[in-house]
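Values in this document were obtained by computation on a predicted structure and should not be read as measured data.
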Amino acid sequence: MIGPVGNLQTSWGVGILMVGLVLAGCGKDIAAEQGWRDVDPCSLVDAAQVEALSYNSSGDVTAPQRVDRTKTAAADVDSIGCRWGDYVTVSLIDRNYGSGSPVSRMEPGMLPSVRTIDVGGKSAVVTEEKGGICNASVFYDDARLSVTIAPATSKRTVDLDDTSTASCDAQQPLIKSILDRVKLS
């Protein structure tokens, strides 16, 4: 028979266990624990952001189109992506290659880099920057986020042959918005 002291000890023990379980989850962003394949790339850009880049000023923009790719060869990788016409493409690409590949993992130094920029505290490797077009990649643990932004010619702030930093500098707010929506480490 458990007396009043035994019940009190059991209650305290259960209470401490519950507090420990609750505190174990504190400070963790549950969304940050998702895998890259769980990210919906079509949710990373909204219609107003696409409209700002498109020829169409009526608010009627190209609907997002999924562009997923499954590994078909040993040196290939899986990817998930979304494209809004010719204006924005966002892809998450597996950094790990198959066992038949001469390279086991994609690293930032393997990309043809024009420059590296800081976007919201993350390092982005710029692989193309010309005439208003910006292509940048951010590396996460298991995936590479690739963002290509190509505004309509009428909305570009630089000449088509301009290779200055202006193309990606102008797109940093959109790239940061995308990065803010990706909850990966």
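- Take Arg115 and apply the side chain to side chain donor-acceptor pair (under 3.5 Å) test, not counting sequence neighbours, and it matches Glu129, Asp169.
- With sequence neighbours left out, Ser154 forms a side chain to side chain donor-acceptor pair (under 3.5 Å) with no residue at all.
- With sequence neighbours left out, the side chain to side chain contact (heavy atoms under 4.5 Å, CB included) criterion links Gln65 to Arg83.
- At distances below 3.5 Å, not a single donor-acceptor pair connects side-chain atoms of Ser91 with backbone N or O atoms of Ile93.
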For residues 138-150, tabulate all N or O donor-acceptor pairs below 3.5 Å that involve a side-chain atom, not counting sequence neighbours.
residue, atom, partner, partner atom, Å
Asp141, OD2, Ser185, OG, 3.3
Arg144, NH1, Ser137, OG, 3.0
Thr148, OG1, Asn135, ND2, 2.6

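- The nearest pair of heavy atoms linking Arg156 to Gly132 is CD-CA, 4.1 Å.
- Arg95 contributes a side-chain N or O that, together with a main-chain N or O of Met106, makes up a donor-acceptor pair within less than 3.5 Å.
- Atoms CG and OG, from Asp118 and Ser123 in turn, are 7.0 Å apart once rounded to the nearest 0.5 Å.
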Task: Pair Ser167-Val158, side chain to side chain contact (heavy atoms under 4.5 Å, CB included): steps then yes or no - done: CA-CA 7 Å; Ser167 296; Val158 297; 3.8 Å; yes

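- The number of heavy-atom neighbours closer than 6.0 Å to CG of Asp68, taken from other residues, nucleotides and ligands shown, is above 12.
- Of all the heavy atoms in Trp84 and Pro64, the pair that sits closest is NE1-CB, 3.3 Å.
- Counting all heavy atoms, side chain and backbone alike, Leu53 lies closest to Lys155 at C-CD, 3.9 Å.
- Applying the side chain to side chain contact (heavy atoms under 4.5 Å, CB included) rule to Ser104 yields no partners; only residues at least two apart in sequence or on another chain are considered.
- In this view, Lys176 and Asp180 satisfy the side chain to side chain donor-acceptor pair (under 3.5 Å) rule, not counting sequence neighbours.
- Taking both residues in full, the closest heavy atoms of Ser54 and Tyr87 are given as CB-CE1, 3.4 Å, listed atom of the first, atom of the second, then distance.
- Between the CG atom of Asp38 and the CD1 atom of Ile80 there is a distance of 8.0 Å, given to the nearest 0.5 Å.
- Contacts classified as disulfide bond (SG atoms under 2.5 Å apart) and involving residues 84-121 (residues at least two apart or in different chains) are not found.
- Distance check, rounded to the nearest 0.5 Å: CG of Leu160 to CD1 of Ile133 gives 8.0 Å.
- The minimum heavy-atom distance linking Trp36 with Asp94 is given by the pair CZ2-CB, 3.4 Å.
- Applying the salt bridge (charged side-chain N to carboxylate O under 4.0 Å, His left out) criterion to Asp162, with sequence neighbours excluded, gives no partner residue.
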Open item on the list: One pair to check against side chain to side chain contact (heavy atoms under 4.5 Å, CB included): Ile178 and Gln49. What are the steps and the verdict?
Closed with: CA-CA 10 Å; Ile178 293 167; Gln49 291 170 313; 5.8 Å; no

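- Here the side chain of Lys183 pairs no donor or acceptor atom with the backbone of Val39 at under 3.5 angstrom.
- The disulfide bond (SG atoms under 2.5 Å apart) pairs that include a residue from residues 89-164 are Cys134-Cys168, where partners are two or more places apart or lie in different chains.
- Partners of Arg181 under the salt bridge (charged side-chain N to carboxylate O under 4.0 Å, His left out) rule, at least two apart in sequence or in another chain, are Asp46.
- In this structure, Thr157 has no side chain to side chain donor-acceptor pair (under 3.5 Å) partners at least two apart in sequence or on a different chain.
- Under the rule for a side chain to side chain contact (heavy atoms under 4.5 Å, CB included), the partners of Thr163 that lie at least two apart in sequence or sit in another chain are Lys130.
- Between Asp40 and Arg66 a salt bridge is recorded (basic side-chain N to carboxylate O distance below 4.0 Å).
- For the side-chain contact (heavy atoms from CB on, under 4.5 Å) with Lys122, the qualifying choice from Val182, Leu179, Ile175, Ile117 is Leu179, the only one to do so.
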